There are 2 protein chains.
Amino acid sequence: MDTGEETPARLRGMPSRLLSMLATHAQRLVGDALADADARTYHYALLAALEEFGSASQAALSRRTGIYRSDLVATINELADRKLLERTPDPGDRRRNVITLTREGRRHLGRLDALLADVQNDLLAPLSAVERDALTGLLGRLLDHHTR
Amino acid sequence: MDTGEETPARLRGMPSRLLSMLATHAQRLVGDALADADARTYHYALLAALEEFGSASQAALSRRTGIYRSDLVATINELADRKLLERTPDPGDRRRNVITLTREGRRHLGRLDALLADVQNDLLAPLSAVERDALTGLLGRLLDHHTR
DNA sequence: TGAATTCGTTAGTGCGACTAACATTTAGGG
DNA sequence: CCCTAAATGTTAGTCGCACTAACGAATTCA
């Protein structure tokens with residue numbers, strides 16, 4: 001995505017475009033950082049949800065993370081293979097699995113947290129603290145409006 | 001991406017995440033709107049570049065739009081099949097093709113412009129004019145910083 | 001009890017971003 | 001002038017994320 005030459009004005013000024021392009025850059029930063037820890041966005045989201053809300057069924061985790069339950073299967077497989085979480089049948093509801101964070105999972109999440117904190121700084125580097133707040137405020141409001 | 005339940009605080013406040021999620025929503029809006037005209041993001045970017053800067057080689061268009069030259073091949077094929085642009089060998093440099101917008105291509109672009117203007121409004125609906133400017137300003141600065 | 005719903009899972013789609021490799025053609029440096 | 005390096009168009013892949021359809025098994029509800 002190296003626009004060495006002139007970019008069409010229409011694209012340069014269109015919010016949805018700015019958003020997409022910047023999100024692409026952000027995702028590359030995030031993706032590269034996470035890759036250093038053999039992780040992806042879904043891994044982080046899932047681990048974070050588990051730590052903050054505790055063990056839960058896959059369906060509940062799907063709702064909390066926004067990851068489709070179909071995609072969650074593979075994500076959980078990957079993390080379970082590495083013993084970062086455990087998948088056990090729910091005795092109280094035999095349709096469900098209970099997903100539980102392991103000690104190593106929690107440690108892994110800590111590493112990812114640190115990596116991602118750096119990324120946020122790089123991403124927002126040119127903005128002052130006030131501007132950063134303004135940006136996240138505006139983004140948050142838009143997101144609320146479109147998800148709620 | 002329907003987060004019906006609670007979202008982890010870490011994700012709710014992380015700029016890169018807000019950005020990605022909002023960009024996803026924006027792209028869905030844009031994608032749906034463009035789909036009504038049998039178009040995709042790449043189509044619009046390419047047509048816009050052609051109208052603003054005139055006929056050009058595929059490599060030049062790749063630089064201007066940020067679309068990889070490999071992906072541009074298919075995009076141009078699709079639009080050429082629909083007579084929205086023309087691909088002719090460049091007599092002055094036999095490595096190159098000259099891509100030229102047709103009259104119908106220009107008309108098609110006009111339709112897409114209208115569709116996308118509506119999408120921008122929907123996207124930014126909850127923001128005042130001042131806030132919209134603030135947002136695009138901040139996004140633009142970040143994008144500049146990361147591409148330049 | 002029968003119908004509708006929930007849950008985990010498999011399989012497959014679409015789009016955008018990105019890489020590698022190749023043949024052809026052009027441009028540049030000794 | 002030649003030879004090497006670079007540019008161009010093209011084919012063929014990969015990857016990640018978002019999303020749909022369909023299924024069997026288990027549970028809830030009317």
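Just so we're on the same page: letters track the sequence lines, and every chain starts at 1. All of these numbers come straight from a predicted model, not from anything done at the bench.
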**Report entry** Residue mapping more 5' on DNA chain D - nearest nucleotide basis, A:S70 or A:Q27
**Finding:** A:Q27

Query raised in the report: Would B:Y44 and A:R17 satisfy side-chain contact (heavy atoms from CB on, under 4.5 Å), going step by step from the backbone distance to the final call?
Result: CA-CA 11 Å; B:Y44 181 74; A:R17 244 287 152 135; over 6 Å; no

Query raised in the report: To the nearest angstrom, how far is B:D32 atom CG from D:dC19 atom C1'?
Result: 12 Å

Query raised in the report: Rounded to the nearest Å, what distance is computed from the CZ atom of residue A:R69 to the C1' atom of nucleotide C:dG12?
Result: 15 Å

Requested in this report: Report the distance from atom NE2 of A:H25 to atom P of C:dA17, rounded to the nearest whole Å.
Outcome: 10 Å

Report task. Just jot down the side chain to side chain donor-acceptor pair (under 3.5 Å) partners of A:T100, sequence neighbours excluded, or say none. Result -> A:S55

Query - Of the listed nucleotides C:dT25, C:dC18, D:dC19, the one nearest the side chain of B:R94 - result: C:dT25

Requested in this report: With sequence neighbours left out, write down each residue that passes side-chain contact (heavy atoms from CB on, under 4.5 Å) with B:V73, or none if nothing qualifies.
Outcome: B:Q58, B:N77, B:R87

Look for any protein N or O under 3.5 Å of an N or O in nucleotides 4-6 of chain C and output each such pair with its distance, or none.
residue: C:dT6; atom: O4'; partner: A:R95; partner atom: NH1; Å: 3.4
residue: C:dT6; atom: O2; partner: A:R95; partner atom: NH1; Å: 3.1

Report summary line: Taken in chain and number order and not counting sequence neighbours, the residues that satisfy side chain to side chain donor-acceptor pair (under 3.5 Å) with A:R95 are A:D93

Query raised in the report: Has B:Y68 got a side-chain N or O lying under 4.0 Å from the OP1 or OP2 atom of C:dA17?
Result: no

Requested in this report: Mind checking side chain to side chain donor-acceptor pair (under 3.5 Å) for A:R12 and listing every partner two or more places apart, or none if nothing turns up?
Outcome: none

Query raised in the report: Is a donor-acceptor contact shorter than 3.5 angstrom present between the side chain of A:N97 and the base of C:dC7?
Result: no

Query raised in the report: Counting only distance, no hydrogens or angles, is the base of D:dC19 paired donor-acceptor with the side chain of A:D71 under 3.5 Å?
Result: yes

Requested in this report: Tell me, please, which residues at least two apart from A:A134 pass side-chain contact (heavy atoms from CB on, under 4.5 Å).
Outcome: B:L138

Query - Contact list for DNA chain D against residues 74-81 of chain B - heavy-atom distance below 4.0 Å - result: none

Query raised in the report: Rounded to the Å, how far apart are B:R28 CZ and C:dG14 P?
Result: 18 Å

Query raised in the report: Got a sec, which residues hit side chain to side chain donor-acceptor pair (under 3.5 Å) with B:R10, two or more places apart in sequence or on another chain?
Result: A:E51, A:E52, A:D113

Requested in this report: Tell me, please, which residues at least two apart from A:R141 pass salt bridge (Lys or Arg N to Asp or Glu O under 4.0 Å).
Outcome: B:E131

Query raised in the report: Expressed in angstrom and rounded to an integer, what is the separation of B:I67 atom CD1 from C:dG16 atom P?
Result: 9 Å

Query raised in the report: Of A:R17 and A:Q58, whose nearest nucleotide on DNA chain C comes first from the 5' end?
Result: A:Q58

Report summary line: On DNA chain D, more 5' by nearest nucleotide between B:R87 and A:G92 is B:R87

Query - Pairs meeting criterion side chain to side chain donor-acceptor pair (under 3.5 Å) with involvement of residues 117-126 of chain A, two or more places apart - result: A:Q120-B:S16, A:N121-A:R132

Requested in this report: Tell me, yes or no, whether the heavy-atom count around B:E86 atom CD, taken from other residues, nucleotides or ligands under 6.0 Å, exceeds 12.
Outcome: no

Query - Residues which pass side-chain contact (heavy atoms from CB on, under 4.5 Å) with B:S70, listed by chain and number, not counting sequence neighbours - result: B:Y68

Report summary line: Note: contacts of residues 35-57 of chain B with DNA chain C (heavy atom, under 4.0 Å) are B:R40, B:T41, B:Y42

Requested in this report: Could you state the atom-to-atom distance from CG of B:L61 to C1' of D:dG9 in whole Å?
Outcome: 13 Å

Query raised in the report: Looking at side-chain heavy atoms only, is the closest gap between A:V98 and A:P89 below 4.5 Å?
Result: no

Report summary line: Atom CG of A:L72 and atom P of C:dT10 are separated, to the nearest Å, by 13 Å

